[in-house]
Amino acid sequence: MTLLRRKKNVTGEIVLITGAGSGIGRLMALKFAHLGAVLVLWDVNREGNKETGRLAKEVGAVSIHTYTCDCSKKQEIYEYADKVKKEVGDVSILINNAGIVSGKKFLDCPDSLVQKTIEVNTMAHFWTYKAFLPAMIASNHGHLVSIASSAGLTGASGLADYCSTKFAAVGFAESIDVEMHALKKTGVKTTIVCPYLIHTGMFDGCRSKWPHLIPSLDSEYAAEMIVNAVLREQVYLIMPRTLYIVVALKNILPVKMIRLLENYLGAFNFMDNFSGCLKKD
Ligand SMILES: NC(=O)c1ccc[n+]([C@@H]2O[C@H](COP(=O)([O-])OP(=O)(O)OC[C@H]3O[C@@H](n4cnc5c(N)ncnc54)[C@H](O)[C@@H]3O)[C@@H](O)[C@H]2O)c1
Ligand SMILES: *[C@@H]1O[C@H](CO)[C@@H](O)[C@H](O)[C@H]1NC(C)=O
Ligand SMILES: *[C@@H]1O[C@H](CO)[C@@H](O)[C@H](O)[C@H]1NC(C)=O
């Protein structure tokens, strides 16, 4: 956790949000619109993305650019990145938010779905950084935001594919942050977001076993927390707060006790009643 800094001014900054067509992505888009940022919205879901653009206009966005980009495809990412640079300019705040979850036990998950999950939740982060980081380094100005998950800090049953991609997203974003410091490009900021269950529909059917201890998050609250973390240039955002304790315990307790704790907290059965499914593209 970092000390509270002043909120930075994002007026005129070019903010790219992947997965802007629903959930947290849409809510963040509306908040950045309100703050006067130029919006670049990517989603594989054209209709959802258009709707986000329309809502952003309603709240007074200065400039909105929507693109139907499938982030599971490297070539598409590079193609749309070039388009954005030509049509809008250099992205200064990159928010990797697009994500999918199969919700299947590992051996029941088709190979193609495992691969897709890795492409969207992890590889897209590599390719978007490749596309937009050079300009940030050149001007020593920018912000890389990774919407990972608490599933990127601790494993869970029925989430092997998802957890792997989120661990990777955390490791990738953290490494690039270290690299920026090594290169003395400290004007390029990083924010790594690890939320627990959020009510967006992505994890329909799942619930917190101990809602008083680890409450699930309202999507509006989660988006507000994320945008504030970006404005204050906070590097890590883990929510709800009690997860900081769970993560600390995980690093100091013996493994047997960790498994007991995980079972107690519901990590064995979290996905049992999962009813969400991949939206068709
Ligand atoms: N909902 C939760 O409980 C929760 C918890 C922790 C982290 N997260 C993460 O937050 C992020 C946002 O999730 P959400 O809850 O808003 O879910 P959501 O399903 O509402 O939003 C995800 C968006 O990503 C888009 N998307 C999916 N595949 C894509 C692709 N190939 N290319 C481009 N866009 C694609 C979808 O169309 C959708 O608009 C995800 O990365 C998710 O893993 C969610
Ligand atoms: C924020 O930045 C914009 C553009 O650079 C500037 O016009 C505006 O006055 C700034 N706002 C504040 C509160 O500093
Ligand atoms: C799944 O649903 C059943 C029936 O409603 C309930 O008894 C059970 O506790 C739920 N399991 C989890 C892990 O939420």
Side-chain angles (χ1 to χ4, degrees), residues 6-13 17-29 35-38 41-52 62 67-74 76-77 80 95-101 103 116-125 127-128 145-153 156-159 161-163 165-166 169-170 192-211 216-220 222-223 226 237-240 243 263 265-281:
R6 273 190 53 200
K7 292 187 184 179
K8 70 173 164 188
N9 182 358
V10 294
T11 306
E13 298 284 335
I17 303 175
T18 70
S22 72
I24 297 299
R26 170 175 292 167
L27 294 172
M28 289 189 295
L35 292 166
V38 173
L41 310 175
W42 283 10
D43 205 295
V44 71
N45 174 351
R46 178 190 304 271
E47 290 313 311
N49 207 23
K50 262 202 203 149
E51 176 65 8
T52 302
V62 284
Y67 299 88
T68 307
C69 176
D70 182 347
C71 293
S72 71
K73 302 199 167 78
K74 180 174 83 171
E76 235 173 83
I77 290 177
Y80 282 102
I95 307 182
N96 271 299
N97 164 77
I100 54 174
V101 61
K116 185 105 179 166
T117 307
I118 295 171
E119 293 295 343
V120 179
N121 297 9
T122 303
M123 296 318 298
H125 297 206
W127 314 138
T128 52
V145 184
S146 177
I147 308 301
S149 168
S150 58
L153 303 170
S157 172
L159 281 173
D161 47 4
Y162 187 76
C163 286
T165 62
K166 294 299 185 179
V170 171
I192 302 171
V193 183
C194 297
Y196 182 61
L197 184 59
I198 310 170
H199 300 143
T200 58
M202 186 176 189
F203 283 89
D204 267 352
C206 300
R207 56 185 181 81
S208 174
K209 187 173 166 191
W210 305 106
S216 49
L217 307 159
D218 169 62
S219 53
E220 181 61 37
I226 296 168
L237 172 63
I238 302 176
M239 55 187 168
L243 283 186
N263 189 10
L265 292 176
F268 286 20
N269 302 100
F270 183 75
M271 295 299 284
D272 282 3
N273 292 338
F274 174 72
S275 60
C277 60
L278 288 176
K279 287 163 198 148
K280 290 270 176 299
D281 34 301

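The structure presented is a predicted model; accordingly, all values stated were derived computationally and were not measured. Counting convention: from 1, in listed order, for ligands and their atoms alike. Note that these values count all heavy atoms, side chains included, but never hydrogens, waters or copies made by symmetry.
- At least one N or O atom of N97 sits closer than 3.5 Å to an N or O atom of ligand 1.
- At a 3.5 angstrom cut-off on N or O pairs, K166 counts as close to ligand 1.
- The option from V44, I17, N96, V101 that lies nearest to atom 35 (C) of ligand 1, judged by heavy atoms, is V44.
- Residue I198 places at least one N or O, backbone or side chain, under 3.5 Å from an N or O of ligand 1.
- Neither the backbone nor the side chain of A20 has a heavy atom within less than 4.0 Å of ligand 1.
- When only interatomic distances are considered, the shortest N/O to N/O separation between N9 and ligand 2 falls below 3.5 Å.
- For ligand 1, the atoms sitting less than 4.0 Å from at least one non-hydrogen atom of G23 are 16 (O), 20 (O), numbered in the order shown with element in parentheses.
- Under the 4.0 Å distance rule, the nearest protein heavy atom to atom 10 (C) of ligand 3 falls inside the cut-off.
- For ligand 3, the atoms closer than 4.0 angstrom to any heavy atom of R207 are 9 (O), 14 (O).
- Protein heavy atoms are absent from the space less than 4.0 angstrom from atom 5 (O) of ligand 2.
- With 3.5 Å as the limit, one finds no donor-acceptor pair spanning the side chains of N97 and T18.
- The nearest heavy-atom contact from the protein to atom 8 (C) of ligand 3 is N273 ND2, 3.8 Å.
- Listed by number with element, the atoms of ligand 3 under 4.0 Å from a non-hydrogen atom of N269 are 13 (C).
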